Amino acid sequence: MKSEPGDISIDDLASLPNQAVAWYGVRNYQARNFMRDQMQINDSVFFYHSSCAVPGIAGIARVCSTAYPDATQFDSKSKYFDPKATQENPRWFHVDVQLVQKIELISLAELRRHPQLAGMRILQRGNRLSITPVDPVEWKFILDHLVRS
DNA sequence: GCCAACGTTGGC
DNA sequence: GCCAACGTTGGC
């Protein structure tokens, strides 16, 4: 799951109550569907810093809720307001995510260095999805070879 | 700041 | 339903 550190960084997550955050603001249907249809409580997540000096995996988190309607879609003052969403028919959903562990940053450049990870969605040219599934084999490779706490 | 990629919008 | 125009993302 990508976050711009200027928005919410790994350190912000670490300082939140229960080190948990509602993953609000996703306004892409594919990313929404991953949260709504695929994610389950206790699923593990890589917390990825994007749009910053050194993009990369900054920590490990876990899903700590099932998907529920994103409150910001109903808030006309929010930049995430969606006039087409209604309480009866919400359009945007998100899960809550909780920090497991901050790690030594695994930079995007480092991820690209490993052919075993070449298939990762996050590494594909032009990928803009803020939430992408991680293949279990790739997950294990990163845990076994790249994660330093 | 550039630009590739790609999602969304809206006229037809 | 097509598709051009436009907007956004995000690495570089």
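Everything quoted here is computed from the prediction, not taken from an experiment. Per chain, numbering begins at 1; letters A, B, ... match sequence-line order.
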Legend entry - Sub-4.5 Å side-chain heavy-atom contact between A:Trp23 and A:Ser3: yes

Inset, instruction - Enumerate the residue pairs fulfilling salt bridge (Lys or Arg N to Asp or Glu O under 4.0 Å) with a member in residues 133-149 of chain A, sequence neighbours excluded, ordered by first and then second residue. - result: A:Lys140-A:Asp144

Inset, instruction - Apply the test ring pair (Phe, Tyr, Trp, His ring centres under 6.0 Å) to residues A:Trp139 and A:Phe46: give CA-CA distance (whole Å), side-chain angles for both, the deciding distance (0.1 Å), then the verdict. - result: CA-CA 9 Å; A:Trp139 178 277; A:Phe46 286 130; 3.8 Å; yes

Legend entry - Range on DNA chain B touched by chain A - first to last nucleotide, heavy-atom distance under 4.0 Å: B:dA4 to B:dT8

Inset, instruction - Would you mind reading off the bend of the helix from B:dG1-C:dC12 to B:dC12-C:dG1 from its two end axes, five pairs each, to 10 degrees? - result: 10°

Legend entry - Non-hydrogen atoms of A:Phe93 and A:Ala67 that approach each other most closely: CB-CB, 4.2 Å

Inset, instruction - Taking the six-membered ring for Trp and the single ring otherwise, decide whether the centroids of A:Trp92 and A:Tyr68 are under 6.0 Å apart. - result: no

Legend entry - Value rounded to 0.5 Å, distance of CD in A:Gln73 from CG in A:Asp70: 5.5 Å

Legend entry - Shortest non-hydrogen separation from A:Leu13 to A:Val21 and the atoms involved: CD1-CG1, 3.5 Å

Inset, instruction - Please work out if A:Arg27 contacts a base, only the sugar-phosphate, or nothing of the nucleic acid, heavy-atom cut-off 4.0 Å. - result: nothing

Legend entry - Contact summary for A:Asp7 and A:Asp12, nearest pair of heavy atoms: O-OD2, 3.8 Å

